[in-house]
Amino acid sequence: MLEEVERWLTGRSWSSADRPLNRLTEARAADPGRTTVSVVLPALNEEATVGAIVATIRRELMERVRLVDELVVIDSGSTDATAAVARAAGARVVHRDAILPRIPALPGKGEVLWRSLLVTSGEIVCFVDADLRDFSAEFVSGTVGPLLTDPAVQFVKAMYDRPLGDAAGQGGRVTELVARPLLNLHWPRLAGFVQPLGGEYAVRRSLLERLPFPVGYGVELGLLVDALHTVGLDALGQVDVGVRVHRHQDGQALGRMAAAIYRTAQLRLSRGHLVRPALTQFERGEDGFVPRTYAVDTEERPPMREIAEYAARRAA
């Protein structure tokens, strides 16, 4: 590991316990500008979990203490009761297709995160996946905390153990097989991130609006790499929030995720184009193995500050 990364691990890796809620509320009270915080949950068919997450954030971080100013669920086109459950729990729900309608929406998590900047106003934006079980408010307060207490910090990822069944630490299969090798080989300054693909992180809006957003699964790696090049390693940090329990995807879904992440890395390495932006996988049918070919995400959205509607909204 690079000496720079070892120093970074000492100075930019924290525990959520390092900044308890009373310290954060005091920091906000002492802030003359009162930095505002928006929490965004991208959601697609998450009726089983989104309500408990919203209710916890609202109770612990909006009512018991005033740490979060805005709580928004962006519905990606759910066919279940995700929107109704989230609204009943206290979130503002916005459908992805209602945001920036002049640009047709593409499928993918990154697309939703990009569009969320147009319907939120917080100077700090905290993203939280909507499929978490046993959710703790520390996923939000932990990642937001360094941004509220240290003006030099601009981007904070959550780190945690990810159990797979009864096996501790085995839930990050794409991280270990794809993302971590890519980062160590090509962006070794990011080798200290425990969960580079984690969906829980907080970022200053002033940075987010300068970054391009891969529309699909590559969004987390793309944002992290581009943030490194934009603001430098010392502006990035990570916070230990304990354990993350969520729905695990099957092996083929993970393969498609891995392909999108590799493509995101390849684009940043060469700014070139894949010869064949598709992934063929195989499923066993009655007569043997059947090939199934899926498109690999090849679209990225430009930095939000280049969008006329966003610029007009910020100027208003």
Side-chain angles (χ1 to χ4, degrees), residues 16 36-63 67-100 105 107-145 147 155-158 160 162 195 197-203 205 208 213-217 219-220 223 239 241-249 301 304:
S16 57
T36 52
V37 177
S38 298
V39 175
V40 172
L41 277 69
L44 177 63
N45 295 328
E46 303 294 358
E47 65 178 4
T49 51
V50 69
I53 297 171
V54 168
T56 298
I57 295 171
R58 185 152 201 95
R59 181 182 65 251
E60 301 293 331
L61 302 179
M62 300 180 78
E63 297 171 356
L67 191 71
V68 171
D69 301 280
E70 186 176 40
L71 176 55
V72 182
V73 170
I74 310 293
D75 184 3
S76 298
S78 300
T79 56
D80 66 1
T82 290
V85 169
R87 195 174 289 113
R92 176 161 63 96
V93 179
V94 183
H95 195 284
R96 174 200 62 195
D97 296 345
I99 307 170
L100 200 61
K109 178 184 179 183
E111 177 83 356
V112 174
L113 301 186
W114 182 71
R115 289 175 185 262
S116 76
L117 297 182
L118 265 164
V119 293
T120 55
S121 59
E123 293 147 281
I124 294 171
V125 182
C126 177
F127 297 119
V128 177
D129 282 349
D131 65 343
L132 303 186
R133 302 195 302 271
D134 300 325
F135 176 77
S136 166
E138 290 185 353
F139 279 83
V140 174
S141 61
T143 54
V144 167
L147 298 167
F155 188 125
V156 179
K157 297 277 291 190
Y160 32 66
R162 295 178 65 185
Q195 296 292 350
L197 300 184
E200 291 70 46
Y201 47 104
V203 193
R205 177 179 294 271
L208 279 176
F213 277 62
V215 300
Y217 286 126
V219 63
E220 269 81 34
L223 290 178
V239 173
V241 297
V243 178
R244 184 187 197 268
V245 181
H246 67 121
R247 182 185 66 249
H248 292 286
Q249 303 202 49
R301 294 304 192 188
M304 184 56 79

Legend entry - Main-chain N/O of Val125 paired to Ser38 side chain as donor or acceptor, under 3.5 Å: no

Legend entry - N/O donor-acceptor pair under 3.5 Å between Ser16 side chain and Gly142 backbone: no

Legend entry - Check against side chain to side chain contact (heavy atoms under 4.5 Å, CB included), Lys109 and Asp129: CA-CA 10 Å; Lys109 178 184 179 183; Asp129 282 349; 2.8 Å; yes

Legend entry - Closest contact, heavy atoms only, Val203 versus Leu147: N-CD1, 3.9 Å

Legend entry - Least distance between heavy atoms, Ser78 atom then Asn45 atom: OG-N, 2.8 Å

Legend entry - Rounded distance [0.5 Å steps], NE2 in His95 versus CD1 in Ile74: 10.5 Å

Legend entry - Shortest non-hydrogen separation from Ala137 to Glu60 and the atoms involved: CB-CB, 3.9 Å

Legend entry - Val140 and its side-chain contact (heavy atoms from CB on, under 4.5 Å) partner, picked from Ile57, Thr56, Leu71, Val241: Ile57

Legend entry - Short side-chain to backbone donor-acceptor contact, Arg205 and Thr120, under 3.5 Å: yes

Inset, instruction - For side chain to side chain contact (heavy atoms under 4.5 Å, CB included), just list the numbers for Leu67 and Val37, CA-CA rounded to whole Å, side-chain angles, deciding distance to a tenth of an Å, and then say yes or no. - result: CA-CA 7 Å; Leu67 191 71; Val37 177; 5.6 Å; no

Legend entry - Heavy-atom donor-acceptor pair, Arg58 side chain to Gly90 backbone, under 3.5 Å: yes

Inset, instruction - Please name the pair of heavy atoms, one in Ala83 and one in Asp75, separated by the smallest distance, quoted to 0.1 Å. - result: CB-OD2, 3.8 Å

Legend entry - Qualifying residue for side-chain hydrogen bond (donor to acceptor under 3.5 Å, both in side chains) with Tyr160, from Glu138, Glu200, Gln195: Glu200

Inset, instruction - Taking Thr82 for its side chain and Glu46 for its backbone only, find out whether a donor-acceptor pair lies under 3.5 Å. - result: yes

